[in-house]
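Single-structure report; data block below.
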Amino acid sequence: MNTQYSEKVLDHFMHPRNLGILEYADVKATEGSPACGDQVSLYLKVNPKTMIIEDISFQSYGCASNIATASIITEMAKGKTLDEAEKITWKESANALGGLPAVKMHCSVLAVDTLKSAIKKYKIDIITR
Ligand code: FES
């Protein structure tokens, strides 16, 4: 296939990991991209004792790059503590996909911002409750 996307982007776009609603999630966060208006939702299930993300899923209303980034972010965040997952950057997610076209970098920013938002929500809503 002749495309500017890496094999890994295409794989995650065609076969998204951890896609859909996580029924027993502790938190859900939804963010929109100011650049394009697309949206992503992320669901987290966190172990309250260890603060490890035990399960995570996403729904994307965005483009192929966003679906691929959200997908790989769920793989990168699963098994990490909230503090570790919070440090994942959009550059790391784009690198993990073998790179993204420059005009599509904002799609990975959207996915990472949504992860950060979900983690913040968990910390504010659940831990400080
Ligand atoms: Fe909107 Fe990619 S163009 S998320």
Side-chain angles (χ1 to χ4, degrees):
M1 192 188 302
N2 185 13
T3 168
Q4 54 185 337
Y5 289 122
S6 71
E7 286 295 321
K8 199 130 189 207
V9 171
L10 293 173
D11 177 37
H12 278 265
F13 169 54
M14 305 289 275
H15 311 285
R17 323 301 198 262
N18 306 305
L19 177 65
I21 297 169
L22 193 63
E23 299 289 352
Y24 54 93
D26 296 312
V27 287
K28 171 192 177 186
T30 302
E31 294 293 333
S33 168
C36 66
D38 289 336
Q39 282 193 328
V40 177
S41 296
L42 267 174
Y43 299 80
L44 298 183
K45 179 70 188 167
V46 180
N47 183 315
K49 290 197 177 82
T50 62
M51 291 296 131
I52 286 174
I53 297 171
E54 293 190 331
D55 212 350
I56 179 169
S57 72
F58 80 96
Q59 291 176 297
S60 170
Y61 310 94
C63 66
S65 299
N66 182 253
I67 291 168
T69 320
S71 170
I72 204 150
I73 275 178
T74 62
E75 288 193 327
M76 292 167 82
K78 199 169 184 175
K80 283 192 169 67
T81 64
L82 293 178
D83 288 345
E84 288 167 348
E86 209 167 24
K87 293 189 185 109
I88 297 170
T89 67
W90 62 267
K91 270 188 189 160
E92 287 168 346
S93 68
N95 288 344
L97 286 169
L100 284 172
V103 294
K104 288 292 180 181
M105 285 301 181
H106 75 271
C107 316
S108 61
V109 172
L110 173 59
V112 168
D113 281 353
T114 311
L115 175 62
K116 288 186 194 308
S117 177
I119 291 170
K120 190 173 167 192
K121 200 169 176 187
Y122 184 90
K123 286 182 172 177
I124 291 172
D125 292 358
I126 310 286
I127 297 177
T128 60
R129 195 192 296 165

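Residues take their numbers from the sequence shown, with the count starting at 1. Ligands are counted one by one from 1 in listed order, and the atoms in each one are counted from 1 as well.
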What pairs with Lys123 under salt bridge (charged side-chain N to carboxylate O under 4.0 Å, His left out), at least two apart in sequence or on another chain?
Asp83, Glu86

Asp38: partners by salt bridge (charged side-chain N to carboxylate O under 4.0 Å, His left out), with sequence neighbours left out
none

Going by the atom numbers of ligand 1, which of them fall below 4.0 Å from some non-hydrogen atom of Lys104?
3 (S)

Metal site atom 1 (Fe) of ligand 1, protein N/O/S atoms found under 2.8 Å:
2

Determine whether Val112 and Thr89 make a side-chain contact, defined as any pair of heavy atoms from C-beta on separated by less than 4.5 Å.
no

Before you tell me yes or no, could you show the steps for Asp26 and Lys121 under salt bridge (charged side-chain N to carboxylate O under 4.0 Å, His left out), namely the whole-Å CA-CA distance, both residues' side-chain angles and the distance that decides it to 0.1 Å?
CA-CA 10 Å; Asp26 296 312; Lys121 200 169 176 187; over 6 Å; no

Among residues at least two apart in sequence or on other chains, which ones pass side chain to side chain donor-acceptor pair (under 3.5 Å) with Thr114?
none

Assess the side chains of Tyr43 and Gln59: does a donor N or O sit below 3.5 Å from an acceptor N or O?
yes

